[in-house]
Amino acid sequence: MTVLTNIPNGASNRDIRDTINAMLIDLAALKAAGTPTPTPAPAFASQPSISPGNGVAGSTTFAATAGTVTNGAIVSRSWLLNGTAISTSLTCTPQQSGTLTYQEIASGPGGTTSSSVQAAGVAAATSTPTPAPSFTAQPSISPSSGTAGATTFTATPGTVSNGSITSRAWAINGTVISTGTTASPASSGTLTYQETATGSGGTTQSTVLQVAVGSAAAAAPTFTAQPTVSPSTGGAGATFTATPGTVSNGSITSRAWSLNGSVISTGLTATPTAGGTLTYQETAAGSGGTALSSVVSRTVTAAGASTAPIVMAFMGSSSPAEYLNNYTGGTPNDNVLASDGGTNYGRLEKGRMGMEAGTAIYAATGRQVHYMRCGASGTTLAGWESDTSGVLTGVINSIKNAIATGRVMTAVLLQVGYNDVDYGQINSSSTAAQAALLRSVISKVRAGTGLPNLTFFIGTTQDEPDNQNALRWQREAEMQVANNDANVRLGFSTYDLPTRDNTHQTEPSQIITAARFAAQVIALVNGTPQKRAAYLSAAVAVSDTQTDITVKHVDGTDFTPTTGITGFRMFDSAGAALAISAAARQSATSVRLTHASRGSGATIIYNPTALAADDATVLHDNSALALPIDVTSSALAVGSGSSTADTTAPVISTASAFSQPENAAFSVTLAANESVTWSKVGGADAAKFTLAGAVLTLPAQDYETPTDADANRSYVVTVRATDAAGNATDKTITVTITDVAEGSTLKMAQFDPGESASPATPADWNRWTYAAGTGLVATPFKTPAGVDTGWTGSTVVNGDGGATNTGVTTGSNSGVYPDNVMQSYYFNQNQASSTLKISGLDNSKLYDLELFGSRTATERYTDFTVNGVTKQLDAGNNSTQVVTFTGIAPTNGEIAFSFKNGRGSNGTLSGFGYFSGGRIIEKA
């Protein structure tokens, strides 16, 4: 049967019948099935809700509780704020105000349905302004008044809520001079201080604080660098030379050399003719008064002193070993020998410390130096004492061998302890134990050699920053033995010297150690007290957070640096370390520590440990050797002022005897090792002296008519120095008047060669001007007082010369001539000689001629010649050396002198000759 889906034209009757029958069957089936029921749409059985009903923009989070749905499920949801969609989740936090709506959409087979719209009100956020910063405590400043150029004012910052201090300003008379926490006004007036605080709420200023700043009195002269003297020691007949100090607020006006208290020279050199103590001191004067330099002392060996060699053994660990076998930068000296076993001695070729120390000792004593190498790397003090490896026996045998060769032992240098520290072999109970080991080693060497009084020098242990406590115990032991035991001296401290490997000294450090050690050996040989640095003697509480440390001086009078001092450590009563925030100089004898709250029972030590990091910030005295201040031998207890009261009398360093030429006033500024008040307390001639502050003066006296009490031309006064604690020391000073040939100096002229661009010539000097091709032009000379002398300086032979201005200056006019004179000079070159003359002189008189040359360079040897006599100076970096020709008789009223480049004693030939200035003095 064929059922057609359509009936085409021409279909057969059968097909048409079959199709109609199929249709009838389908109709019958439909009728039997009945009418179909439609699928229902989804419906919300419960509507969604939101909470809260109202809120605030930016802070309220709204949450929806979903509706329940039949015939479907929720397929989406939306939050609208003022009609704009902001979320499709169950929560939202609107950021703006307005109407918030929420609606859900459900979907199922019967279609989709929307829930009712839920609405809530969103209010605008109310903003709370951020509070402005506020000073809960105002700043303060101290002190409450001060002096321009002398006082530093310090601010204690205020405290601020809702912000922080962002700026501060100090102003003097309205002009800002500092924006830090301190200010040092240079001018007088009203000093103000104010702070500005800033926070998110704005800015706020503190109250304005103000103090009065008074005018500064004229500053007293100060020696910014003390004079030095070379050599360090010498024999009778040797010439000692001073390098002047440098002075601020004044200039050096006089200088004096004294031998055993008697003045022997007032120039830059002195040649003592006998043994004893030679001292050198300078006086500076300025508008603010006068000042004395520190006294430089040198030991003069009397003629006929021993010529036997100075024999020493260097024993210990690797440091004393390196002193005699490391670094070759020095110059070997035929008089400095060394031996490995005490028998065969040869010239020391290596070991910079040994070479430098030996050379200095030989120069001072005239005696050869014989060393014995007895150092052993890696050894400990305990190992030496037990002689486990035979090192102690080796030292004893070396000394015995030296004695067997006829040598007499002088001393032993003992430096051992670093490895004990480094190996962790020392604890808090080991100070006494380490001291006992040191004493045992010393005792065994003395017993083994049969030399019960053999002198030992202790070299202190160098820095070991990883074991600070152990280093402390070791150094305390060393200082206790060096300070208290017979025939034991401190050889040197090393804590301020750089090392190349945190263990061994660099070559420059060995040179410094050599100078320190040589001074101690020379003092031993000459029978004089050993050179000692200052030491710390007491600790006095200023407050719970500040403590003053008393510094006691031996060879110096002051110390450096003044601020940022390192090396102090402080402990509370339980031994816990206390933080130290500052250490600064209060006076020449006091350091103030600022630290954490200490409570009772605190202690302080001085024991630098930081290697090169603190080399410049540890304490040094101002003695000639600039010695590092001794580390403490035991902790200082911090006491009250009464418990550590100063009971030590001041030491007066001023000489007791002076020589003063007649017809000239005598003046000296008295000096002591601490701040004192001076007074006259006696002396047969006290009434003739005037004492103003520290300046003691005696009016000009006539040699031929003495007015002293016993008419022997020696004027005697006793002065007293009283310190702040009331301790007093008296000293009797005698001034002996010396005869002067009346009218011996008739007149003088000073001359300063230069050219048009040279610095201005001082008023009491004569500018002697250079002209190209001519030389120094003919110039009339005047005295320092401006009186015509009748003398004229001129050039005879120019000698391929010129003039320029690169001579040395000191910055303080502390050289032998003023800076402006030393800076300019007349020169010649190419081995040509320049000849100058001074004419108009009196043939019946004699003249002294002083000549000077200077150039900022090295090895600039210049020969000056007068009447066939040649004298040389090295003009290289020269500010102290002059040549003097005395008793010159003029020829036809003229004196001629020449200068040219010279050859130094080292064979170096200078390329130029230099003439920077001079003086001519007419004698009776």
Side-chain angles (χ1 to χ4, degrees), residues 251 748-840 849-858 860-864 873-883 894-902 910-920:
S251 59
M748 177 188 74
Q750 306 179 124
F751 32 87
D752 172 23
E755 41 96 36
S756 59
S758 295
T761 297
D764 53 348
W765 287 69
N766 295 278
R767 164 52 54 80
W768 200 352
T769 304
Y770 170 80
T774 301
L776 300 180
V777 300
T779 301
F781 290 163
K782 295 183 178 182
T783 69
V787 178
D788 288 332
T789 61
W791 307 335
T792 299
S794 60
T795 300
V796 178
V797 178
N798 184 24
D800 198 5
T804 189
N805 308 293
T806 53
V808 167
T809 59
T810 65
S812 59
N813 291 320
S814 58
V816 67
Y817 291 168
D819 282 357
N820 283 9
V821 175
M822 296 194 299
Q823 187 174 354
S824 59
Y825 57 82
Y826 173 43
F827 68 91
N828 54 37
Q829 56 191 330
N830 299 325
Q831 301 188 43
S833 177
S834 299
T835 302
L836 307 168
K837 70 176 181 180
I838 301 172
S839 56
L849 185 61
E850 182 182 279
L851 302 172
F852 171 82
S854 179
R855 173 71 162 87
T856 52
T858 59
R860 299 303 174 102
Y861 304 103
T862 300
D863 291 339
F864 291 91
L873 61 74
D874 183 2
N877 296 320
N878 179 36
S879 63
T880 61
Q881 184 184 6
V882 298
V883 295
E894 296 179 347
I895 292 176
F897 64 94
S898 62
F899 73 100
K900 60 173 294 194
N901 61 315
S910 172
F912 300 81
Y914 302 87
F915 170 48
S916 304
R919 298 184 176 100
I920 184 168

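Residues: numbered from 1 along the sequence shown.
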Would you say the side chain of [Y] lies within less than 4.5 Å of the side chain of [X], judging by non-hydrogen atoms?
X: L873; Y: F864; value: yes
X: S794; Y: V777; value: no
X: P759; Y: N805; value: yes
X: F751; Y: T761; value: no
X: D874; Y: Y914; value: no

Can you name the nearest heavy-atom pair linking [X] to [Y], along with the distance?
X: D764; Y: Q750; result: O-NE2, 3.0 Å
X: V816; Y: M822; result: N-SD, 4.4 Å
X: G807; Y: Y825; result: N-CE2, 3.6 Å
X: M748; Y: W791; result: C-CZ3, 4.2 Å
X: K782; Y: D788; result: CE-OD1, 3.1 Å
X: L836; Y: T795; result: CD2-OG1, 3.4 Å

side-chain contact (heavy atoms from CB on, under 4.5 Å), that's the test. Do R855 and T806 meet it? Break it down for me. CA-CA 6 Å; R855 173 71 162 87; T806 53; 3.4 Å; yes
Compute the centroid of each ring, for [X] and then for [Y], and state whether the two points are separated by less than 6.0 Å.
X: W768; Y: F781; answer: yes
X: Y817; Y: F852; answer: yes
X: F899; Y: Y826; answer: yes

Pair T862, N901: side-chain N/O donor-acceptor within cut-off below 3.5 Å: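 No, no side-chain donor-acceptor contact under 3.5 Å.
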Between N828 and S834, do the side chains contain an N or O donor and an N or O acceptor separated by less than 3.5 Å? yes
When rounded to the nearest 0.5 angstrom, what is the spacing between [atom1] in [X] and [atom2] in [Y]?
X: T858; Y: N878; atom1: OG1; atom2: CG; value: 13.0 Å
X: N820; Y: S758; atom1: CG; atom2: OG; value: 9.5 Å
X: D752; Y: S824; atom1: CG; atom2: OG; value: 4.0 Å
X: E755; Y: L776; atom1: CD; atom2: CG; value: 11.5 Å
X: F912; Y: R860; atom1: CZ; atom2: CZ; value: 6.5 Å
X: K837; Y: E894; atom1: NZ; atom2: CD; value: 3.5 Å

Checking side-chain contact (heavy atoms from CB on, under 4.5 Å) for the pair F827/F915: CA distance, chi angles, key distance, verdict? CA-CA 6 Å; F827 68 91; F915 170 48; over 6 Å; no
Can you check side-chain contact (heavy atoms from CB on, under 4.5 Å) on F897 and T835, steps first, answer last? CA-CA 6 Å; F897 64 94; T835 302; over 6 Å; no
Does the pair K900/D863 count as a salt bridge with the N-to-O cut at 4.0 Å? no
In sequence, state the C-alpha distance, the side-chain angles, and the governing distance for T856 and N877, and then conclude on side-chain contact (heavy atoms from CB on, under 4.5 Å). CA-CA 5 Å; T856 52; N877 296 320; 4.2 Å; yes
Take T810 and D819 through the test side chain to side chain donor-acceptor pair (under 3.5 Å) and record every step on the way to the result. CA-CA 6 Å; T810 65; D819 282 357; 3.0 Å; yes
By side-chain contact (heavy atoms from CB on, under 4.5 Å) - contacts of T792 (at least two apart): A778, S839
